[in-house]
*Asks:* 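I am attaching a structure below and will ask some questions about it afterwards.
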Amino acid sequence: MNELSVCEGVDVLMEGERVAKIGPRLDPRSVAQTVDARGGVVIPGLVDPHTHAVFAGTREDEFLARLQGLPYDGGGILATAQAVARAREEDLIETGRRYLGEMLACGTTTAEVKSGYGLSLDGETKLLVAVRQLRRSLPMRLVATFLGAHAFPVGIRRDDYILSIITQMIPAVRRRRLAQFCDVFCDRDFYTVAETRTILRAARGAGLRLKLHADELAPVGGAELAAELEATSADHLLKVSEKGMAALKEAGVIPVLLPGTAFTLGLDYAPARRMIDLGLPVALATDFNPGTCLIHSMLTIIGLAVMKMRLTIAEALTAATLNAACALELAEEVGSVEEGKAADLVVLDLENYRQIPYFFGQVPVAAVIQGGRVVYERPG
Ligand code: NIG
Ligand code: FE
């Protein structure tokens, strides 16, 4: 993670959607269009492997009340679920387009988006169909995750809701190919390890890949379960145990860390240094959602990782690109600038990559290229 390959004074030749060649000065007359990085830094398109970017409404009152001492108990998920229930699919697409468009302008070319604010067959389907529409219309690679097990809706018994996830929602998600991953909020006061296991086994049986919101609020053994199920990733991990980290390593599960959430909630950060020292391929994500993190820039997340979790800038960049791509099983396609991989690039108006965390909070993005096309250019 700490070894970047940095090339100076090279050109990147793109053909179609891919990088064809990286090398010293190519002849500009032989190419159709040239993008001048103007001496800036070109990094791989950023990959955000954990977001809840499609939702309705906002929760600033809960946010401010929490800062006055109210603890975070996840109860606000139901408030967002009510707003989603009232929203039309077009409304979800419109707000999703705004948030995801802002992420793209911050250099994110690949993002995962979870459902989880529907909490019913209709609601979850509406969210995932909105993600599908956004995938068709935005110049971003979007990966959908079904998170029906995000909270317990009111008015239905716990076991009955879990049964409806397994017998109705997962089969519908499979039939309509609405998601690639299934995720469960496995934590204190949310889904128990046993409930999570039951849901994720059903999801796996339906051909979905697995993710977990694990050990965010308490060390309940979410990481150990992620290892047992050979999930693709275990996310959050603020309270993960030493045993949990060893299990992740053993099973090859990617830890996805979300420092923007720890920052927003005022909680201790995940033990990222310990994980890296154990040889775990740490990935970073925003967790952008209406309750616990409104940061949607991966550049800001890289800054937090460097300042608050003591990652080196090289480790943080790897975590936000190639390791994040691994957390979406897309490492063959995206996450690094390599011949044959997708031509997803971000041009930063910086002198070198070490300035990324230094200019924390600024948006030094001059241009974003996705699939070989310039999809964003800073105005002016
Ligand atoms: O990843 N931890 C659980 N779910 C979200 C928060 C959802 C919400 O509060 O709306 C998260 O932080
Ligand atoms: Fe989350």
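FYI, side chains are in, hydrogens and waters are out, and symmetry mates aren't considered; it's all heavy atoms of this structure. Start at 1 and go down the list; that is how both ligands and their atoms are numbered.
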*Asks:* Taking atom CD of Glu351 as the centre, does the number of heavy atoms from other residues, nucleotides or ligands within less than 6.0 Å exceed 12?
*Replies:* no
*Asks:* Output the distance between atom CG (Leu134) and atom OH (Tyr99), rounded to the nearest 0.5 Å.
*Replies:* 13.0 Å
*Asks:* Heavy-atom distance under 4.5 Å between the side chains of Ile369 and Arg373, does that happen here?
*Replies:* no
*Asks:* Around the Fe ion (ligand 2), how many protein N, O or S atoms are found at less than 2.8 Å?
*Replies:* 4
*Asks:* Write out the protein residues near ligand 1, meaning a non-hydrogen atom under 4.0 Å from one of its atoms, in order of chain and number.
*Replies:*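 Answer by chain and number: His50, His52, Arg59, Tyr72, Ile77, Tyr117, His150, Phe185, His213, Glu216, His236, Asp287, Asn289, Gly291, Thr292.
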*Asks:* Between His150, Lys126, Glu124, which is the residue that forms a side-chain hydrogen bond (donor to acceptor under 3.5 Å, both in side chains) with Ser115?
*Replies:*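 Checked His150, Lys126, Glu124 against Ser115; only one passes side-chain hydrogen bond (donor to acceptor under 3.5 Å, both in side chains): Glu124.
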*Asks:* Show every ring-ring contact (aromatic ring centres under 6.0 Å, His included) that has at least one partner inside residues 293-343, sequence neighbours left out.
*Replies:*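 Sorted result for residues 293-343: Phe288-His296.
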*Asks:* Tell me whether Glu250 at atom CD has more than 12 heavy atoms from other residues, nucleotides or ligands lying less than 6.0 Å away.
*Replies:* no
*Asks:* Test: ring-ring contact (aromatic ring centres under 6.0 Å, His included). Region: residues 239-281. Which pairs qualify, not counting sequence neighbours?
*Replies:* none
*Asks:* Kindly compute the distance separating CD (Glu332) from NZ (Lys341), expressed to the nearest 0.5 Å.
*Replies:* 7.5 Å
*Asks:* Within a radius of less than 6.0 Å around CD of Glu89, do more than 12 heavy atoms belonging to other residues, nucleotides or ligands occur?
*Replies:* yes
